[in-house]
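First the proteins, then the strands, lettered A, B, ... as listed; each starts at 1.
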2 protein chains.
Amino acid sequence: MSSRLREATSSLAYLLKHAQLQLAELTGPALAPFGITGRELAVLLTLTGCEPASQQQAAQRLGVDRTTMVGLVDALEDKGLVARRPQEGDRRRNVVELTEAGRDTLRRAGSAAAEAERQFLAPLSPAAAAQFTESLRTLVPPPAT
Amino acid sequence: MSSRLREATSSLAYLLKHAQLQLAELTGPALAPFGITGRELAVLLTLTGCEPASQQQAAQRLGVDRTTMVGLVDALEDKGLVARRPQEGDRRRNVVELTEAGRDTLRRAGSAAAEAERQFLAPLSPAAAAQFTESLRTLVPPPAT
DNA sequence: TATTGTTATACTCTATAACTATA
DNA sequence: TATAGTTATAGAGTATAACAATA
């Protein structure tokens, strides 16, 4: 492989980028009926994963900047899916919690996103799909917190 | 999986995104000594893959817009790595070819990028790494042209 | 009329720096 | 002084529309 030139479309960077684009093309339309984007669903998933978390904790877990999280929570709050309240004991922090509507949307949109993932992985055998996901988990380190 | 909630950091979208980020963090510094970015290396690889190609053909093969390719070729031309010339027979087209310096940079930078990919895949067994790449190729359709 | 390259423009995602309020 | 949230700003990356040259 050191002497033979690989095509650009065979490089890992190309494949990862276009895999992501392709998954996004399935996920976007699947989530549209629920009025949220894939990123917003990820925020909802993060918030429900660990119990009442501050914005910054959620940001670290998602791997986005805290300044980015502000806008994401803003949008979800405008849609009535989450609520902010100052944390008692340390009022610098905002605790972000899902509303009832947020939990409902998460349930239904999460199911739609899971279906999009299944569709994305459909070209692989079930065993290959499972190992593909498992390899990704091995390659991507879990978030710090 | 339909009833049990997955964590956001387990979703395929999260894993693909962060796999890409992690690879980019290895590839970027590896290419810095050669004065090119990962995207620019991809363009060089694309141009060398199929013989003298127009900008638009290269753009399709890379999966980027033709307006994006203008800037990429501009940068590579400024660095003396590629040269544009009108195609004889159809002067609307620009044929983009690697210069001697471009071929030399491609050889050395391509080797560095391959090493970065090996480093990225190192947490996987050789067999798992091979199947991971193969699965990606199955999931990502080859470019139109 | 259609196509290639180009420019201008805008939109998304992201990060950095500076501000505020709390600690 | 340090931290959490916020705002403003700037930088990538991308796409759309419009234009010039050519077919």
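- Distance CD (Gln20(A)) to C1' (dC13(C)): 11 Å, rounded to an integer number of Å.
- Across residues 71-94 of chain B, Arg84(B), Arg92(B), Arg93(B), Asn94(B) each have a non-hydrogen atom less than 4.0 Å from an atom of DNA chain C (numbered order).
- Taking 4.0 Å as the cut-off between side-chain N and carboxylate O, Glu97(A) and Arg84(A) do not count as a salt-bridged pair.
- Taking the side chain as every heavy atom from C-beta outward, Val70(A) and Gln55(A) approach each other to under 4.5 Å.
- Of the possible donor and acceptor atoms, none in the side chain of His18(A) sits under 3.5 Å from a partner among the backbone N and O of Pro141(B).
- Under 4.0 angstrom from either OP1 or OP2 of dT3(C) there lies no side-chain N or O belonging to Gln56(B).
- For Ser135(B) (side chain) and Phe132(A) (main-chain N/O), no donor-acceptor pair under 3.5 Å exists by modelled atom type.
- Residues Thr133(A) and Leu121(A) meet the side-chain proximity criterion, which asks for heavy atoms closer than 4.5 Å.
- dC13(C) atom P lies 14 Å from atom CG of Leu21(B), rounded to whole Å.
- Side-chain N/O atoms of Thr67(A) and base N/O atoms of dT7(D) include no donor-acceptor pair closer than 3.5 Å.
- Between His18(B) atom NE2 and dC13(C) atom P the separation is 14 Å, expressed in whole Å.
- The only option from Leu21(B), Leu23(B), Val140(B) that meets the side chain to side chain contact (heavy atoms under 4.5 Å, CB included) definition with Leu16(A) turns out to be Leu23(B).
- Across the interface with DNA chain C, nearest-nucleotide mapping of Lys17(B) and Met69(B) shows Met69(B) to be the residue nearer the 5′ end.
- Dashed line: the shortest gap from a side-chain N or O of Gln57(A) to OP1 or OP2 of dA4(D) is not under 4.0 Å.
- Look at CZ on Arg66(A): it is 11 Å from C1' on dT7(D), rounded to the nearest Å.
- Distance, Asp65(A) CG to dT7(D) P: 15 Å, rounded to whole Å.
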